[in-house]
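Single-structure report; data block below.
All values below were derived from every heavy atom in this structure, side-chain atoms included, with hydrogens, water molecules and symmetry-related copies excluded. Computed from a prediction, not measured in an experiment: that's the story for all the values here.
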Amino acid sequence: MRKSDRINKRNRRLVHKFYELYGVKRNRIDDVLKELEEEYFFLDQDYIYSLIFYDKINYEYYNQLLSKSKQPTS
């Protein structure tokens, strides 16, 4: 696996974990970023935030997760 593939996979998991902690469990964003930094990905909080909200691909994935959660269940 190429390095860029691993980075993309990591970013996707990061976005999904952010969604779980912030969108599903409804934790505060500062607490979520701190937890992602210290417990899961060991990246700076500012970097995590920018990966989610300033990277087009990651932001689109986050919006997909949000839209799936807003769909009514049958």
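- Checked against side chain to side chain donor-acceptor pair (under 3.5 Å), Ser4 has the following partners two or more places apart in sequence or in another chain: Arg2.
- In this structure, Asn8 has no side chain to side chain contact (heavy atoms under 4.5 Å, CB included) partners at least two apart in sequence or on a different chain.
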>> What verdict does the side-chain contact (heavy atoms from CB on, under 4.5 Å) test give for Arg13 and Lys17, after you've listed the backbone C-alpha separation in whole Å, the side-chain angles of each residue and the deciding distance to 0.1 Å?
In response: CA-CA 6 Å; Arg13 286 188 182 180; Lys17 192 64 179 175; over 6 Å; no
Less than 3.5 Å apart, which donor and acceptor atoms pair up between the side chains of residues 39-46 and the rest of the protein, not counting sequence neighbours?
unit_1 : atom_1 : unit_2 : atom_2 : d
Asp44  : OD2    : Asp46  : N      : 3.1
Gln45  : NE2    : Glu37  : OE1    : 3.0

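- Residue pairs meeting the salt bridge (Lys or Arg N to Asp or Glu O under 4.0 Å) criterion with at least one member in residues 49-60, sequence neighbours excluded, do not occur.
- The hydrophobic cluster containing Ile7 does not contain Tyr59, counting ILVMFWY residues as joined when their side-chain heavy atoms lie under 4.5 angstrom apart, directly or transitively.
- Atoms CG and CD1, from Leu36 and Ile48 in turn, are 5.0 Å apart once rounded to the nearest 0.5 Å.
- Summarising the local packing, CD1 of Ile29 is surrounded by more than 12 heavy atoms from other residues, nucleotides or ligands at distances under 6.0 Å.
- Counting only distance, with no hydrogens or angles, the side chain of Asn27 and the backbone of Val32 share no donor-acceptor pair below 3.5 Å.
- For Arg10, the CZ atom sits in a packed shell: over 12 heavy atoms of surrounding residues, nucleotides or ligands are nearer than 6.0 Å.
- Residue pairs satisfying the ring-ring contact (aromatic ring centres under 6.0 Å, His included) criterion with at least one member in residues 4-33, sequence neighbours excluded, are listed as follows: Phe18-Tyr22, Phe18-Phe53, Phe18-Tyr62.
- The hydrophobic cluster containing Ile57 does not contain Tyr47, counting ILVMFWY residues as joined when their side-chain heavy atoms lie under 4.5 angstrom apart, directly or transitively.
- Every side chain to side chain contact (heavy atoms under 4.5 Å, CB included) that Arg28 has, sequence neighbours left out, goes to Asp30, Asp31.
- How far CG of Asn58 is from CD1 of Ile52: 8.0 Å, rounded to the nearest 0.5 Å.
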